[in-house]
Amino acid sequence: MQNAKDTFYITLRTRLATVNPSRTMTLRAVTRPGILVQEAEAPMPQPLLDAFALSWTGLETDLQLSAILAQMTCEIQYSTAGTQTNAGLDRGRALEEMDYEVLKLLYPYSAQKMNYTQNPAVPMETMVFWSEPEFGPIVTLRDRLTRAAKVIVFAYQEQGEQ
Amino acid sequence: MTTPAITPMPALPPTGRSVRAYFAPVDRVHGLPTLFDPSVNGRFAASTPPEPWIELGWIEDFARKSTSKFGELVTGSPGTTQFQIRETVDATVAFRFKAWSKLSMALAAGSQHMNLIVPAAGGTANGSGSKGVTPVNLATGSTATFLALAASDAAGFSAGSLVTVDVDYAAQTGYVGSGVFAAYVTSASAVNSDPDYIRRVSFNVARVASVSTTGTSTGLQLAQPLIAGVPTATMRVQPISGFVDREGGSFFQEWSALFLIDGEQGERILFHYPRLQSMAGAAESTSALVPPLERIALSASFRALPVTDAIDGEQVVCFRSFLPSPVTLV
């Protein structure tokens with residue numbers, strides 16, 4: 001299942017670099033596309049602004065198939081306080097922009113599963129595919145607007161895969 | 001010697017998770033089904049059924065129905081039923097295949113199931129595929145999982161492609177198809193004397209794992225064994241792109257079937273239908289994963305046909321076996 005999670009993240013990261021090249025973040029002294037996996041970063045007291053944070057929550061499996069079908073829940077959380085230039089008054093617009101980017105990052109709703117533990121990454125046999133996003137309500141905390149979009153990611157376990 | 005005594009439980013209700021399906025070919029020419037003997041093979045490993053049974057995985061919505069009719073002999077006044085008679089013996093079984101494959105699709109469709117042969121250039125469009133590319137001959141040294149071809153012929157295939165392997169149609173009539181009787185030909189004119197006809201309906205198909213065009217052994221390594229086993233020298237190979245079935249057609253698929261439910265306490269329930277014929281056309285049903293994603297299953301329904309039980313000569317259509325849990329009284 002880790003290959004599926006890696007594939008999903010890298011796919012979204014690659015797409016983000018095209019959809020909005022200016023959405024970047026600097027984390028651990030490296031500037032990169034503004035998307036991260038929470039479980040692969042140091043704990044943060046509060047989420048990074050203007051970046052997408054993936055967290056893996058639910059897991060279900062269908063064992064009554066010739067290959068196990070894993071069904072993993074990924075929550076994409078993102079927050080913004082708008083821009084300083086506009087004194088944060090554009091935070092609604094900034095969140096709408098991120099909503100639209102989520103839609104664009106997720107489409108098409110599938111990707112070739114890759115094994116990123118090898119360098120270069122090795123294509124696997126099956127496709128990872130996912131649902132359309134289910135957007136949660138906006139949560140307001142002082143000057144921040146936050147939203148989470150839930151996506152169900154599906155992947156078949158391949159032979160020899162851990 | 002005295003063995004340790006067991007402390008049995010009373011009989012318990014079987015609790016199973018789902019049903020697994022296995023199918024085996026019927027020799028249509030001689031009317032010989034594949035018989036499953038539960039006294040010999042009842043405890044087979046679920047993922048490795050005995051030859052020639054083919055596992056088709058978990059199925060869902062499994063429903064058996066006896067449609068046998070009973071009559072009564074009433075005498076006296078007022079009339080009182082004195083005897084019962086079995087007027088007809090009939091049974092049906094229906095379920096859904098979760099996975100699509102050549103075999104599950106053919107079983108669910110019921111009639112001839114065709115391979116979509118890669119078309120030759122300039123062919124006339126046709127619903128079940130147009131005239132195919134020229135087949136290639138097999139060289140010596142083929143096995144059920146390796147097709148020996150001349151290097152130049154092998155170069156025409158690629159890893160991951162699909163192939164059909166069977167003999168040319170040469171005016172045969174009756175049942176055709178290697179390994180499995182895939183269709184019934186009434187006359188050569190009925191199939192337009194198409195030399196590819198048998199390869200078009202054949203179950204002898206496989207996916208190519210790798211292609212070898214150099215060295216002493218050139219050909220196609222298959223990712224799965226051919227259902228007909230080692231190919232004969234007269235068989236030829238054509239690439240296919242997929243499968244097609246039709247609503248209609250005159251042929252009835254007939255297969256031997258075995259359904260297995262493994263209980264949680266080690267008990268096992270087996271349903272063996274020596275002869276099942278499809279009794280419905282192609283249909284699908286869906287179940288939602290996360291809307292709008294949905295899984296598409298093949299709906300299948302069959303009528304059971306009779307065989308004669310060698311023990312007592314009775315005509316029966318189904319055998320239900322129960323292998324009790326090792327811990328319960330019987």
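By convention in this document, chain letters (A, B, ...) are assigned in the order of the sequence lines, proteins followed by strands, and residues within each chain are numbered from 1.
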Less than 3.5 Å apart and able to act as donor and acceptor by atom type: which atom pairs between chain A and chain B qualify?
residue: A:Asp62; atom: OD2; partner: B:Arg295; partner atom: NH1; Å: 3.2
residue: A:Gln64; atom: O; partner: B:Lys98; partner atom: NZ; Å: 3.4
residue: A:Gln64; atom: OE1; partner: B:Ser18; partner atom: OG; Å: 3.4

Notebook entry, point to check: Is there a donor-acceptor pair closer than 3.5 Å between any side-chain N or O of A:Arg23 and the backbone N or O of A:Asp50?
Noted result: yes
Note to self: Apply side-chain contact (heavy atoms from CB on, under 4.5 Å) to residues A:Leu36 and A:Arg32 and explain how you reach the verdict.
What the structure shows: CA-CA 9 Å; A:Leu36 58 92; A:Arg32 60 190 220 215; 3.7 Å; yes
Check: Which distance, rounded to the nearest 0.5 Å, do you find between the CG of A:Asn3 and the CD1 of A:Ile10?
Finding: 11.5 Å
Margin query: Ring-plane angle category for B:Phe259 and B:Phe95, please: parallel below 30°, perpendicular beyond 60°, tilted otherwise.
Written below: perpendicular
Note to self: If you apply the rule side-chain contact (heavy atoms from CB on, under 4.5 Å), what do you find for A:Leu103 with A:Asp99, and how did you get there?
What the structure shows: CA-CA 7 Å; A:Leu103 290 172; A:Asp99 292 338; over 6 Å; no
Note to self: Run the side-chain contact (heavy atoms from CB on, under 4.5 Å) test on A:Val128 and A:Thr11 for me, step by step, so that the C-alpha distance in whole Å, both residues' side-chain angles and the decisive distance to 0.1 Å come before the verdict.
What the structure shows: CA-CA 10 Å; A:Val128 179; A:Thr11 300; over 6 Å; no
Next item on the list: Using the ring pair (Phe, Tyr, Trp, His ring centres under 6.0 Å) rule, collect all pairs that involve residues 72-103 of chain A, keeping only residues at least two apart or in two chains.
Entry: A:Phe52-A:Tyr78
Notebook entry, point to check: By side chain to side chain contact (heavy atoms under 4.5 Å, CB included), which residues pair with A:Thr26, not counting sequence neighbours?
Noted result: A:Thr31
Item checked: Contact origin within A:Ile152 toward chain B - heavy atom pairs under 4.5 Å -> side chain
Note to self: Can you confirm whether B:Ile261 is buried at CD1, in the sense that more than 12 heavy atoms of other residues, nucleotides or ligands lie under 6.0 Å from that atom?
What the structure shows: yes
Next item on the list: Anything in residues 80-94 of chain A with a heavy-atom distance to chain B below 4.5 Å? Please list those residues in order.
Entry: none
Checklist line | Choice from B:Pro292, B:Ala99, B:Gly57 maximising heavy atom contacts with chain A below 4.5 Å | finding: B:Pro292
Next item on the list: Apply side-chain contact (heavy atoms from CB on, under 4.5 Å) to B:Phe97 and B:Leu103, showing your working.
Entry: CA-CA 10 Å; B:Phe97 286 112; B:Leu103 183 49; over 6 Å; no
